[in-house]
Amino acid sequence: MVTEAHGVAGALSAAGVGRGDPVAVAHAAGVGVALVAPTGLAVSTGDEEAAEAVRRVEDELRPRWVWWSGDTAAALVASGTRVAACWDIAAVHRLVFGGWRADPGRVWATLQGLPLAGLPATRGQPDLFSSLDDDGGSADEPVRPDGHLRPDWAGGGWSASPERLVRWAELAAEVARRQQARIAAMADHPRLAATARVESAAELLCAEMSADGLPLDRAAAEAIIGGFVGPRPRTEREAAEQRGRRDAEVLRHAPAGSDFDLRSPGQVKSLLRRIGVEVPDTRAWRLEARRDEHPLVDALLTWRKAERVATTFGYGWLDEHLGGDGRLRGEWSGSDGAAGRMTASAGLHNMPADLRGGVAAEDGHVLVRADLGQIEPRVLAAVSGDRDLARATAEDDMYSPVARQLDVDRATAKVAVLGAMYGQTTGHGAHALRRLQMAYPVAMAYLDDADRAGQTSRDLRTYGGRLIPMGSTNANEVSDTVARSRAAARGRYGRNAMVQGAAAELFKLWAVTVRARGAALDARIVLCLHDELLVHTPVEHGEVVARLLDDCLQEAAHRWAPDRSVRFVADISVLRRWSEAKD
DNA sequence: TGCGGCTATTG
DNA sequence: CACAATAGCCGCAG
């Protein structure tokens with residue numbers, strides 16, 4: 001057992017640990033870290049030395065860190081340590097086995113083939129019976145006689161000691177090996193191991209983005225918000241007065257003496273009926289078409305926009321998420337529960353475009369923005385192996401050659417392609433859709449198969465190997481039409497998940513490549529937006545980073561789809577403010 | 001107090 | 001208003 005930071009790196013090096021070799025790490029505040037290498041060497045350090053030990057091992061050996069979940073990544077980032085590569089057991093579990101829950105007890109039971117129904121309750125959901133049961137095992141051993149992990153270990157609620165940290169890291173190392181063996185045995189999905197490494201790196205990126213935040217110019221953001229809802233109210237009374245004034249701007253167009261709550265969709269519908277505007281619902285796109293019929297409709301649409309800012313993206317939003325350092329922080333997750341796109345809280349993924357003027361580079365820095373052009377149809381061409389559709393990706397705008405091929409105009413071709421990927425079957429697209437079937441039968445068959453899988457509850461895997469669970473058909477207690485429409489919805493979901501999920505895989509590979517190559521230039525990814533990256537970097541590196549973003553895209557595309565038959569394009573610009581981007 | 005429905009925003 | 005997400009408020013059930 002080595003306890004000093006400089007000794008840890010030396011000991012691991014002497015054990016033969018080199019670049020890319022696995023080193024499992026477990027951490028606990030107040031105790032430190034345990035590092036376990038394949039040769040069986042176990043090392044632990046005290047708290048002060050822990051971060052330094054990890055840093056030294058990273059600098060000198062550059063291993064692939066193995067850990068249970070992104071919690072460890074977050075702890076490392078918080079201690080000022082950024083590592084290059086990892087194997088994130090929870091992220092890999094979600095990738096290979098689907099769903100979102102990936103706590104150690106569930107991961108372990110899945111790999112052991114133990115029934116998940118017998119999963120012991122973990123921390124947060126205390127189970128009186130199992131915790132009081134005498135299972136005949138030792139509390140010092142994480143695996144119970146019945147094969148499941150002890151809930152106190154699996155839930156992370158155990159009282160840590162150096163010995164237990166070592167045992168927990170050893171177990172992580174073993175689980176990672178079992179995951180790799182399982183992946184290697186899945187010969188039908190040869191890209192799964194590579195995808196698992198990218199998913200793991202994406203978790204590192206998420207931990208860093210969560211810690212770094214998005215640079216936001218508070219004064220500029222407050223000016224934009226003020227333009228919608230007025231100056232920051234100093235009291236609750238002032239806030240109520242502002243709300244009242246906004247409401248009055250709409251209600252003055254209403255019949256005298258009427259009293260309607262504009263925040264209640266049902267009452268808004270009644271109000272609209274009173275002024276002669278009959279609508280099935282009050283969504284903006286529906287009201288937009290009838291804006292000219294009555295001044296109240298126009299006033300209501302303006303009110304909605306201001307109300308949105310006031311309630312969700314106003315001063316309260318800044319107070320809650322914008323730090324004193326000018327960084328807006330939310331929690332980033334490497335994959336959602338469905339097709340595997342990244343998600344973010346604090347409104348980072350749905351901030352109104354009007355507020356982009358507030359997103360600004362810090363002094364001496366620039367933002368480099370890059371967004372992929374037409375990523376989903378290009379990804380469809382790649383994953384389906386449709387050579388004719390792949391040929392269309394040679395052009396910057398692939399809808400033009402598709403339109404020529406279908407002998408329709410570009411707008412029609414675009415709607416048809418998007419409709420095929422999303423599952424739209426009605427409307428004007430139907431005619432073009434038939435032509436699409438004729439022109440690109442391979443791509444269309446790929447989508448149709450995914451659709452059938454969804455309809456029949458057959459699980460799918462994306463190009464990169466992510467499991468798309470299709471659940472079970474709930475056939476009882478519903479009418480025939482409802483059952484049919486639900487089946488159709490599952491079909492659309494499956495169809496889209498294969499494209500959206502594969503696009504997310506390429507996007508993440510691009511992002512983690514930029515993360516790796518950009519580190520030396522102090523280029524930090526501050527926002528991932530499904531097909532768009534925002535990178536914060538010193539002004540003198542702006543142009544180099546812009547070129548780097550395209551280089552990384554080409555590298556990622558080649559690693560992801562090695563035959564190079566599909567071209568991927570990005571629009572890249574160097575900005576001071578996000579709002580300067582022209583799209 | 002929890003949850004489904006409605007609405008808005010983003011890709 | 002197809003596919004995905006986060007988030008807020010209203011109305012209703014418990």
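Letters A, B, ... are given to chains in the order of the sequence lines, protein chains preceding strands, and every chain is numbered from 1.
Between the side chain of Ser345(A) and the main chain of Glu331(A), a donor-acceptor pair closer than 3.5 Å is present. Using a distance-only test at 3.5 Å, with no hydrogens or angles considered, a donor-acceptor pair links the side chain of Thr393(A) to the main chain of Arg567(A).
A sub-4.0 Å separation between OP1 or OP2 of dT7(B) and a side-chain N or O of Arg283(A) is present. At the phosphate of dT7(B), OP1 or OP2 sits under 4.0 Å from a side-chain N or O atom of Thr282(A). The phosphate of dC6(B) (OP1 or OP2) has no side-chain N or O of Lys269(A) nearer than 4.0 angstrom.
The nearest heavy atom of DNA chain C to Ala284(A) and to Thr343(A) marks one nucleotide each, and the one closer to the 5' end goes with Ala284(A). Projected onto DNA chain C by closest heavy-atom contact, Gly347(A) and Ala339(A) fall at different nucleotides, the more 5' of which corresponds to Ala339(A).
When each of dT9(B), dC3(C), dG11(B) is scored by its nearest atom to the side-chain atoms of Asp531(A), the top-ranked nucleotide is dG11(B).
Residue-level contact check: Ala344(A) touches the backbone only, with heavy atoms under 4.0 Å from sugar-phosphate atoms and none from bases. Among the heavy atoms of the strands, none lies under 4.0 Å from Met342(A). Here Arg304(A) lies in heavy-atom contact (under 4.0 Å) with sugar-phosphate atoms only. In this structure, Ala338(A) reaches the sugar-phosphate backbone alone: every heavy-atom distance under 4.0 Å involves primed, P, OP1 or OP2 atoms, never a base.
The nearest whole Å value for the distance from the CZ atom in Arg286(A) to the P atom in dC6(B) is 12 Å. Between the CZ atom of Arg329(A) and the C1' atom of dT6(C) there is a distance of 20 Å, given to the nearest Å. Atom CZ in Arg490(A) sits roughly 17 Å away from atom C1' in dA2(C) (whole-Å rounding). Protein atom CE of Met470(A) is 12 Å distant from nucleotide atom C1' of dC3(C), rounded to whole Å. Across the protein-nucleic acid pair, Met351(A) atom CE and dG11(B) atom P stand 11 Å apart, rounded to whole Å. The distance between atom CG of Asp451(A) and atom C1' of dC3(C), rounded to the nearest whole Å, is 12 Å. Between the C1' atom of dG8(C) and the NE2 atom of His321(A) lies a distance of 12 Å, rounded to the nearest Å. The NE2 atom of His349(A) sits 17 Å away from the P atom of dA4(C) (whole-angstrom rounding).
Of all the heavy atoms in Cys528(A) and His349(A), the pair that sits closest is O-NE2, 2.6 Å. Of all heavy-atom pairs spanning Tyr399(A) and Leu418(A), the tightest one is OH-CD2, 3.8 Å.
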Check: residues 210-218 of chain A side-chain donor-acceptor pairs under 3.5 Å, at least two apart:
{"from": "Ser210(A)", "atom 1": "OG", "to": "Cys206(A)", "atom 2": "O", "distance (Å)": "2.8"}
{"from": "Ser210(A)", "atom 1": "OG", "to": "Trp332(A)", "atom 2": "N", "distance (Å)": "3.1"}
{"from": "Asp212(A)", "atom 1": "OD1", "to": "Arg82(A)", "atom 2": "NH2", "distance (Å)": "2.8"}
{"from": "Asp212(A)", "atom 1": "OD2", "to": "Arg82(A)", "atom 2": "NH1", "distance (Å)": "3.1"}
{"from": "Asp217(A)", "atom 1": "OD1", "to": "Ala219(A)", "atom 2": "N", "distance (Å)": "3.2"}
{"from": "Asp217(A)", "atom 1": "OD1", "to": "Ala220(A)", "atom 2": "N", "distance (Å)": "3.2"}
{"from": "Asp217(A)", "atom 1": "OD2", "to": "Arg577(A)", "atom 2": "NH2", "distance (Å)": "3.0"}
{"from": "Arg218(A)", "atom 1": "NH2", "to": "Leu322(A)", "atom 2": "O", "distance (Å)": "3.4"}

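Applying the 3.5 Å distance criterion, the base of dA5(C) shares no donor-acceptor pair with the side chain of Arg341(A).
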Next on the checklist: Please encode protein proximity along nucleotides 9-14 of chain C as a string of B, S and -, counting only heavy-atom distances under 4.0 Å.
Outcome noted: -SS---

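Across Arg94(A), Arg466(A), His93(A), a single residue satisfies side-chain hydrogen bond (donor to acceptor under 3.5 Å, both in side chains) together with Glu199(A), and that is Arg466(A).
A distance below 6.0 Å separates the ring centres of Tyr463(A) and Trp560(A).
The shortest distance between side-chain heavy atoms of Leu460(A) and Met498(A) falls below 4.5 Å.
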